[in-house]
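Within every chain, numbering begins at 1; the chains are lettered A, B, ... in the order of the sequence lines, protein sequences first and strands thereafter. Every heavy atom of this structure was used, including side-chain atoms; hydrogens, water molecules and symmetry mates were not.
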Number of protein chains: 2
Amino acid sequence: MARRTKQEADETREALLDAAEQVFLERGVARASLDEIARAAGCTRGAVHWHFRDKLGLFLALDERLVLLQDELRERLCCDPNRPPLEHMAYAISAAMDDLERDPRRKRLLTIMLQRCEYVEEMAPALERRRAADLAFRTTLREHFERAELRGELAPNWKPERAAFFFYALISGFLNEWLRGNAGFELAAEVGPAVCTFLACVAQQPAS
Amino acid sequence: MARRTKQEADETREALLDAAEQVFLERGVARASLDEIARAAGCTRGAVHWHFRDKLGLFLALDERLVLLQDELRERLCCDPNRPPLEHMAYAISAAMDDLERDPRRKRLLTIMLQRCEYVEEMAPALERRRAADLAFRTTLREHFERAELRGELAPNWKPERAAFFFYALISGFLNEWLRGNAGFELAAEVGPAVCTFLACVAQQPAS
DNA sequence: TTATATACATACAGGAAGGTATCTTTACAA
DNA sequence: TTGTAAAGATACCTTCCTGTATGTATATAA
């Protein structure tokens with residue numbers, strides 16, 4: 001068919017992205033064929049090439065759909081500058097994990113990006129996006145630990161720089177293991193308490 | 001050519017694996033062609049099909065070459081049952097990281113397995129291997145934390161189960177970030193001290 | 001010495017998939 | 001009413017790559 005209304009065209013586009021998500025997840029990006037994706041979306045390859053130039057374009061468009069955890073956490077952490085930083089972080093993490101667990105589409109996207117695609121040169125835009133998000137997130141974390149230090153809420157053997165990096169790796173690790181699914185745990189139920197315990201031990205111990 | 005000596009055949013096999021390692025890393029597993037790999041090894045596809053049935057066989061053989069970090073750490077941790085567990089762990093981690101950093105081949109292999117291949121069904125054997133190693137490693141970690149608890153060397157707010165899982169995710173996170181290269185850090189120099197600081201804070205605080 | 005299995009090389013046939021180019025239909029503007 | 005461009009459908013072509021089949025030379029056992 002042809003020239004539908006603008007809205008119908010957008011629906012087609014979304015349907016294609018949904019289909020790509022599903023097919024990429026099942027078959028991997030490289031082995032997924034555009035024809036398969038188009039058919040799953042109820043149209044033909046013509047529509048794919050119209051909306052997204054080529055396969056790479058489709059992949060990158062799908063990548064844009066993914067709200068990165070780093071960005072979400074940064075968002076949650078930015079406001080409220082006079083709240084106890086460590087407590088604030090613990091809460092933000094718990095909330096973000098909870099969020100993630102409730103959003104199966106985001107989990108599927110993360111799985112695709114982590115285990116169903118090969119990062120060669122042409123994928124650089126997706127990697128670059130992550131890189132930038134990582135950098136910004138680590139900066140935010142460091143600022144929070146610095147504020148904690150200024151407020152005397154950071155144990156003396158932890159320096160902000162190291163604490164931030166440590167924390168960052170920790171989140172990354174939990175997320176990876178959750179996605180890989182080997183450990184078989186629930187994100188919010190495990191990570192929240194673990195992070196709290198950790199932050200409690202990073203916090204300055206009250207004299208007892 | 002034909003029927004060379006057994007040793008020469010083995011050399012060919014190794015050359016093919018080396019070539020596969022290089023080509024997989026550069027082009028990703030899916031986009032690498034067997035012909036390209038064979039040529040890089042100085043032979044033809046005939047040799048590939050002889051030594052490793054097909055592409056999947058080649059990939060899995062390459063996977064076997066990788067000594068998993070989990071297994072290495074388990075090895076380092078198994079002996080010496082009356083050494084202080086936490087200290088032992090800190091040392092083992094540092095040594096393993098050092099080891100890894102000195103072995104560029106292992107890093108290349110890890111990179112391939114993490115960022116240059118798509119885990120669809122047929123890759124299951126490789127995933128299963130990791131799963132088993134993960135499980136065993138986490139068990140070992142838990143045992144160590146349990147011993148630490150028995151010796152009164154574990155802070156009361158940390159339970160062995162949680163500490164082990166936490167520690168496991170932490171290692172996984174550091175390794176991933178190192179491989180991804182976004183953080184731009186050196187493994188041994190960063191991880192060792194960070195892990196020590198952490199273990200110090202997990203350890204029972206001496207009364208002060 | 002001969003036979004045979006080994007260790008490849010080469011040739012062949014085939015499919016699958018992607019890009020492009022060319023229709024076709026329809027919303028919408030003039 | 002008609003022209004035009006958006007939104008897809010179809011057709012075609014070309015490129016790659018894989019598996020298999022077969023050829024062949026040689027190490028080695030008998």
Phosphate OP1/OP2 of C:dC8 contacted by B:W50 side-chain N/O (<4.0 Å): no

Check: A:L73 and A:M89 side chains under 4.5 Å, non-hydrogen atoms: no

Separation of D:dG8 P from A:F52 CZ (nearest whole Å): 10 Å

Side chain to side chain contact (heavy atoms under 4.5 Å, CB included) involving B:R147 - partner list, sequence neighbours excluded: B:P85, B:H144

Proximity of A:F165 and B:F174 rings by center, below 6.0 Å: yes

Side-chain touch A:L135/A:Q70, heavy atoms, less than 4.5 angstrom: no

Cation-aromatic face contact A:R130/A:Y119, 6.0 Å, 45 degrees: no

Nucleotide D:dA27, atom P - distance to CG of B:D10 in whole Å: 16 Å

Nearest-Å distance for atom pair NZ/P, residues B:K6 and C:dC8: 10 Å

Mutual orientation of the aromatic rings belonging to A:W158 and A:F166 [parallel < 30°, tilted 30-60°, perpendicular > 60°]: perpendicular

d(CD1, B:I37; P, D:dC16) in whole Å: 17 Å

Partner residues of A:R131 under the side chain to side chain contact (heavy atoms under 4.5 Å, CB included) criterion, sequence neighbours left out: A:E128, B:N182

Among C:dC8, C:dC28, D:dA9, the nucleotide that comes nearest once only the side chain of A:T5 is considered: C:dC28

side-chain N/O A:T12 vs D:dG8 OP1/OP2, d < 4.0 Å: yes

Atom pair distance, as rounded to whole Å: NE2 in B:H51 and P in C:dA9: 9 Å

Atom-to-atom span, CD of B:E14 to P of C:dA7 - whole angstrom: 14 Å

Residues that A:D134 engages under salt bridge (charged side-chain N to carboxylate O under 4.0 Å, His left out), provided they are two or more places apart: none

Under the side chain to side chain contact (heavy atoms under 4.5 Å, CB included) test, residues paired with B:L179 that sit two or more places apart: B:K107, B:L110, B:T111, B:L114, B:Q115, B:L175

Would you list the protein and nucleotides 15-19 of chain C atom pairs, both N or O, that sit under 3.5 Å from each other?
| from | atom 1 | to | atom 2 | distance (Å) |
| --- | --- | --- | --- | --- |
| C:dG18 | OP1 | A:A32 | O | 3.3 |
| C:dG18 | OP1 | A:L34 | N | 3.2 |
| C:dG18 | OP2 | A:L34 | N | 3.2 |
| C:dG19 | N7 | A:R45 | NH2 | 2.4 |
| C:dG19 | O6 | A:R45 | NH2 | 2.8 |

Residues touching DNA chain D, which here means a heavy atom under 4.0 Å, drawn from residues 116-126 of chain B: none

Whole angstrom value for the distance that separates C1' of D:dA9 from CG of A:L16: 13 Å

